[in-house]
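Reminder, nothing fancy here: chain letters follow the sequence lines and each chain counts from 1. Remember, predicted model here, so these are calculated numbers, not experimental data.
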Amino acid sequence: MLWSHLFIPTLREVPADAEVASHRLLLRAGYIRPMGSGIYNYLLLAQRSMSKIQKVIREEMEAIGAQEFHLAALNPAEIWQESGRWTGMGQNMFRLKDRWQRDLCLGMTHEEVMTAIARGELRSYKQLPQIWYQIQTKFRDEPRPKSGLLRVRQFLMKDSYSFDIDAPGLDVSYEKHRQAYCKIFDRCGIEYVVVEADSGAMGGSASQEFMVATDAGEDFVVVCRETGYAANLEKAVSEPKPIAAPDSEEALDPSEIHTPAAKTIDEVAAFLKLPETSLIKTYVVIVDYGTKQVPMLALLRGNHQLSETKFIAATGCKEYRAAHPEEIREIFGADPGSLGPVGVKLTIYADSALEGRKNMVAGANKDDYHLLNVTPGEDFTAKFADIRQVESGDTEINTGAPLEILKTMEIGHIFKLGYKYSKAMGLDVLNEDGKEVKVIMGSYGIGVERVLCGAVELYNDADGISMPPSIAPFEVVVTPVNIGDESLKKAAFDLYGDLKKAGIDALLDDRDERPGVKFKDADLIGIPFRITVGKKLAQGIVEVVERRGKVLSEMPLTEVMSWVKAKLNK
RNA sequence: CGGGGCGUGGCUCAGCCUGGUAGAGCGCCUGGUUCGGGACCAGGAGGCCGGAGGUUCGAAUCCUCUCGCCCCGACCA
């Protein structure tokens, strides 16, 4: 394509509203323009990149036998009511009424639609397995759209759904997807980690997320560079850092100590001249089992944080919240800051890091007093479970290898759904014995914009974006230094023509601009390779530049084609 | 939903406190000189100052309401 005819509205100045790199650069480089909060228009460059990402996805999905559908984005309320998500999705769902006042919504994801299709048509185990997918716009009324394309209200998602006769079948479909996803992200040229994820409320048995490490992300993951362990922080397990001072081994009884004005773990530790690891942290929580709400204690070592996900899993509750100060006063007769487990009648969950500890310090349930010599299991009884969040400095459970915490953005998620939708919506087939059985499902998503954003977040510098060649809007740009010079112009057009003939996605910067402007623009939008046709053309020499790392070299014009092909593996 | 910030030409922003007929740089158009990392000179176009109401002789500026956008927190299959 000829740049002079294209709409690539690059900005010299940094747009005021953009904070994260991908947002700022996609705006500046003329990929996108905002329409509203969390709503964007994708211009030429974004559309080309997104199309290339989708092409990769389609090829790899087809390679595992997946079939592409195009589904209704506008959904009747009924199917969502059947699955229970009409209410379950809450405010995040865009809802509307038609002229007859019938309830409709815009699809946020397509488990319901896919299941509705399947239950009408799949009748026999002979038709299984099936993998169906779509690449379509999803709508979510996010409470807070942010960070450019990272969290938006309308976005392109590839999602596929597998239907199998039994769990081993699902394992196969799941594994196919895992491998396909690795190929997809590898081919898109981005670095990622695959982490164990919480399958939580969805009730599935396994789930993994594909994450890109970036400060723009919203998730944390725990990785071990030595063993390859990787898990979402919500789910990660670890060996905690060793305690800072050994426990006394004597058989001592709890004894009160006056701790005036010492409320927080920090303050109590400082007052008693003990490390935080010798203290027990006591949380009072109200656990919601749906039918009833129960106050409980959650105990942690002084330096640890409660993991919300693990605590919910341990208690088997729907959700929980911190108790209000009034509730605490009522139950304990003391204020937060002096609470502890001794003598408490409530159910107590204690983190496994407290198991086997002796003579620790806990609140006395009496304002301004703590107890010394509190031994878990002796001075109070508790259910021990891993309910703490991994922190940096922890080590891998079996190997003792160091763990690292990374901030990441989720680009893909694979999930063993199980029977949730086939049960709720009545999807069953006849098995070999002629018996009706529920179909077991999996669901697998990729955020297309997030792949683009991930690439920009990972590969950018002061000059702009450095796109991976496979998903760059163009592979090569040919830049004649002066379009007014007929010999330069002709050589550039010839080279451009040859590249196109060779199947290379080339762009010719035929604009009547100064060279500096063209170089800056090419760097900004992130075209991986540039061929500059300039003065040395007289000697048959042109300059080739790799955007990533700014590697410049000169070579005879006659060698350019093979250089480009080699760089692009074509 | 709680907290903070911002709406002035296409972009970045000044002007607002202390009311008096709207500015700069970049971009855009015309002509000329230029041409290897966002050129220079000259001329020019372009803004009901987010919207509504109020105060005032007079409002971008003060007051009230409202809409929109960004950021932090809460939330996030």
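- Remark: C1(B) base-pairs with G73(B). Criterion, Watson-Crick or G-U wobble with two distances under 3.5 Å.
- In this structure, CG in Asp159(A) is found 14.0 Å from CZ in Phe415(A), a value given to the nearest 0.5 Å.
- Taking atom P on both C63(B) and C71(B), the two are 28 Å apart, rounded to the nearest angstrom.
- Atom CD in Glu218(A) sits roughly 15 Å away from atom C1' in A77(B) (whole-Å rounding).
- Nucleotide G27(B) is matched to nothing when pairs are restricted to Watson-Crick or G-U wobble geometry with both distances under 3.5 angstrom.
- C65(B): Watson-Crick or G-U partner is G51(B), with both key distances under 3.5 Å.
- Using a cut-off of 4.0 Å between Lys/Arg side-chain N and Asp/Glu carboxylate O, Lys490(A) and Asp494(A) are scored as salt-bridged.
- Here the C1' atom of nucleotide G38(B) and the CD1 atom of Ile525(A) are 14 Å apart, to the nearest Å.
- Across all strands, Arg321(A) comes closer than 4.0 Å to no nucleic acid atom at all (heavy-atom distances).
- Here the separation of A60(B) from G50(B), taken at their C1' atoms, is 12 Å to the nearest Å.
- On the P atoms, C62(B) is 15 Å away from G5(B), given to the nearest whole Å.
- At the phosphate of G36(B), OP1 or OP2 sits under 4.0 Å from a side-chain N or O atom of Lys535(A).
- With both ends at atom P, the span from G27(B) to C76(B) equals 47 Å, rounded to whole Å.
- For the pair Leu150(A) CG and C71(B) P, the computed distance is 10 Å after rounding to whole Å.
- Contact annotation for Gly36(A): backbone-only contact, meaning every heavy-atom pair under 4.0 Å involves sugar-phosphate atoms and none involves a base.
- Listed nucleotides: C70(B), A77(B), G37(B). Nearest to the side chain of Asp17(A): C70(B).
- Nearest to the side-chain atoms of Asn92(A) among the listed nucleotides C76(B), G38(B), C75(B) stands C76(B).
- Across all strands shown, Ser443(A) has no heavy atoms under 4.0 Å from either base or sugar-phosphate atoms.
- No contact: Ser83(A) has no heavy atom under 4.0 Å from any strand.
- Using a 4.0 Å cut-off, some side-chain N or O of Ser37(A) falls inside it from OP1 or OP2 of C70(B).
- Rounded to a whole Å, the CE atom of Met441(A) is 13 Å from the C1' atom of A77(B).
- Where Pro515(A) and Ala18(A) meet RNA chain B, the nucleotide closest to each residue was compared, and Pro515(A) sits on the side nearer the 5' end.
- One atom, CG of Asn482(A), and another, P of G36(B), lie 8 Å apart when rounded to the nearest Å.
- Distances from the side chain of Lys146(A) to the nucleotides C71(B), G37(B), G36(B) place C71(B) closest.
- Picking from C35(B), G38(B), A77(B) the nucleotide with the shortest atom distance to the side chain of Arg85(A) gives A77(B).
- Distance Lys520(A) NZ to C35(B) P: 20 Å, rounded to the nearest Å.
- Rounded to the nearest Å, the gap between the P atom of G7(B) and that of C16(B) is 13 Å.
- Counting any heavy atom pair closer than 4.0 Å across all strands shown, Arg33(A) reaches no nucleic acid atom.
- If you look at Trp132(A) and Tyr161(A), their ring centroids are not closer than 6.0 Å.
- Here the closest heavy-atom approach between residue Ile64(A) and residue Ile131(A) is recorded as O-CD1, 4.0 Å.
- Across all strands shown, A60(B) forms no Watson-Crick or G-U wobble pair with both key distances under 3.5 Å.
- Remark: the separation of the P atoms in A59(B) and C1(B) is 35 Å, to the nearest Å.
- Contact check for Phe185(A) versus Ile411(A): side-chain heavy atoms found under the 4.5 Å cut-off.
- The residue Asp523(A) sits close to a base: some heavy atom pair falls under 4.0 Å.
- Lys416(A) forms a cation-pi arrangement with Tyr174(A), by the criterion of a distance under 6.0 Å to the ring centre and an angle within 45° of the ring axis.
- Across the interface with RNA chain B, nearest-nucleotide mapping of Ala16(A) and Glu410(A) shows Ala16(A) to be the residue nearer the 5′ end.
- For the P atoms, the distance linking C6(B) with U64(B) amounts to 16 Å, nearest Å.
- Here the nucleotide nearest the side chain of Arg151(A), chosen from C76(B), C35(B), G38(B), is C76(B).
- If you check every strand for non-hydrogen atoms under 4.0 Å, Met35(A) touches nothing.
- Glu13(A) places its CD atom 9 Å from the P atom of G27(B), with the value rounded to the nearest Å.
- In this structure, of U12(B), G38(B), G37(B), it is G38(B) that holds the atom nearest to the side chain of Thr10(A).
- For Arg514(A), counting side-chain heavy atoms from C-beta on, the closest listed nucleotide (G36(B), A39(B), C71(B)) is A39(B).
- Of the candidates G38(B), G37(B), G73(B), the closest approach to any side-chain atom of Val517(A) belongs to G38(B).
- The shortest distance between the side-chain N/O atoms of Arg144(A) and the OP1/OP2 oxygens of C75(B) is not below 4.0 Å.
- Here C11(B) is the nucleotide among C11(B), G36(B), G38(B) with the atom lying nearest to any side-chain atom of Leu11(A).
- Relative to the side chain of Asp521(A), the nucleotides C35(B), C70(B), G38(B) differ in distance, and G38(B) lies closest.
- The interatomic distance linking Ile39(A) (CD1) with G68(B) (C1') rounds to 12 Å, in whole Å.
- G37(B) sits 38 Å from C72(B) when the C1' atoms are compared, rounded to a whole Å.
- Formation of a donor-acceptor pair under 3.5 Å by the Tyr496(A) side chain with backbone atoms of Asp509(A) is not found in this model.
- Leu44(A) places none of its side-chain heavy atoms less than 4.5 Å from the side chain of Tyr31(A).
- Of the nucleotides present, G32(B) is the one that pairs with C40(B) by Watson-Crick or G-U wobble criteria, both distances under 3.5 Å.
- Pro15(A) comes within contact range of the sugar-phosphate backbone alone, with a heavy-atom separation under 4.0 Å but no base atom that close.
- Contact detail for Trp80(A) and Met93(A): the closest heavy-atom pair is CE3-CE, 3.3 Å.
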